[in-house]
Amino acid sequence: MTRHVLVVDHEPQLLRALDVSLTAQSYAVATAPDATSALRLAAGKPPDAVIVDLDDLDPPDADGTDLITGLRAWSSTPVIALSEHAAPADVVEVLDAGADDFVPKPFAMEELLARLRAVLRRTDRGGGPRTVSVGDYAVDLTARTVVGAAGRGEPVHLSPTEWRLLTPLLRNPGRLVTGHQLLRDIWGPGHDEHSNYLRIYISGLRHKLEPDPAHPRYLVTEPGMGYRFEPSGGTAR
């Protein structure tokens, strides 16, 4: 089975070197020069692993730590971070943001490939796909499929943006996910005032998943704060 790796690097020379080395090892490689395009690629076709060079991956887009945090809001894909800045405090910050491993630069390509194999092995031991029930639907967060309970009915298609919105809600059942967090993780910094984006996409998800979209029971609005997934289907609101 071919493994898909997303490489995020602002430095063209290193980006090409990683692309060539990973392709030679039979990985399918996608590349991105910045955090926003990386999140879009990951949402459109979830990779098996992400390698991100934190150096020079700066605003106005988002820095490397923002990228890792944004990815972690909806994905458990293993992340390996690269950086010349290997002070203990930097390593702690990156790992706390959600990275699975930290490789200081410069590094031997053989070491990076070995670390990539290691995080992929840990993923393999993590078990099968995680499926969440939303009313009459079974949502597979790994395969990104939505089917009727017990296989009844036609599969439901969700857009990449709908997946990026739905996944953090389902991964945090019963907990508030703030609108600010969702806007930042999905559309990036600078979109805090665009709450209408969330209303439009939440409405679309409700029409696809809720038995009565006008009175949602599972994808619940917390006025002025954000949204919450209620797995038991609480009081309609």
Which distance, rounded to the nearest 0.5 Å, do you find between the [atom1] of [X] and the [atom2] of [Y]?
X	Y	atom1	atom2	value
Tyr227	Ile202	OH	CD1	5.5 Å
Leu116	Leu22	CG	CG	6.5 Å
Leu169	Arg228	CG	CZ	10.5 Å
His207	Asp212	NE2	CG	9.5 Å
Thr131	Asp140	OG1	CG	4.0 Å
Gln25	Arg117	CD	CZ	7.0 Å

Report yes if some heavy atom in the side chain of [X] is under 4.5 Å from a heavy atom in the side chain of [Y]; otherwise report no.
X	Y	value
Tyr218	Leu209	no
Leu41	Lys45	no
Tyr27	Leu18	no
Val147	Tyr137	no
Arg164	Leu39	yes
Asn172	Phe229	no
Leu112	Leu82	yes
Leu158	Leu166	yes

Checking the side chain of [X] only, and the main-chain atoms of [Y] only, is there a donor and an acceptor separated by less than 3.5 Å?
X	Y	result
Asp48	His4	yes
Asp9	Pro33	no
Arg206	Leu219	yes
Arg72	Thr77	yes
Glu84	Pro106	no
Glu230	Arg217	no
Thr23	Val20	no
Asp55	Ser83	no
Ser21	Ala17	yes

Cluster check [X], [Y]: I/L/V/M/F/W/Y, side chain < 4.5 angstrom:
X	Y	value
Leu67	Val92	no
Phe107	Val119	yes
Leu176	Leu170	no
Met225	Leu205	no

For Asp34 and Ser37: C-alpha separation, side-chain torsions, deciding distance, then whether side-chain hydrogen bond (donor to acceptor under 3.5 Å, both in side chains) applies. CA-CA 6 Å; Asp34 55 62; Ser37 57; 2.7 Å; yes
Answer yes or no: does atom CD of Gln13 have more than 12 heavy-atom neighbours from other residues, nucleotides or ligands under 6.0 Å? no
Reference residue Leu71; test side chain to side chain contact (heavy atoms under 4.5 Å, CB included); the match among Val52, Asp66, Val79: Val79
For a quick test of reading the model, state the closest non-hydrogen atom pair linking [X] to [Y] and the distance between them.
X	Y	answer
Pro231	Gly174	CD-N, 4.0 Å
Pro168	Trp163	CD-O, 4.4 Å
Ala38	Leu6	O-CD2, 3.6 Å
Leu15	Ala32	CD1-O, 4.4 Å
Leu120	Ala49	CD2-CB, 4.1 Å
Leu95	Ala99	CD2-O, 3.5 Å

Chi angles and distances behind the side chain to side chain contact (heavy atoms under 4.5 Å, CB included) call for Asp53, Val8: CA-CA 6 Å; Asp53 185 355; Val8 189; over 6 Å; no
Begin with the C-alpha distance, continue with both residues' side-chain angles, and end with the deciding distance and a verdict on side chain to side chain contact (heavy atoms under 4.5 Å, CB included) for Val139 and Val156. CA-CA 9 Å; Val139 182; Val156 176; over 6 Å; no
Please list, chain by chain and in numerical order, all residues satisfying salt bridge (Lys or Arg N to Asp or Glu O under 4.0 Å) with [X], sequence neighbours excluded.
X	result
Glu110	none
Asp19	none
Glu162	Lys208

Would Val29 and Val7 satisfy side chain to side chain contact (heavy atoms under 4.5 Å, CB included), going step by step from the backbone distance to the final call? CA-CA 7 Å; Val29 182; Val7 180; 4.0 Å; yes
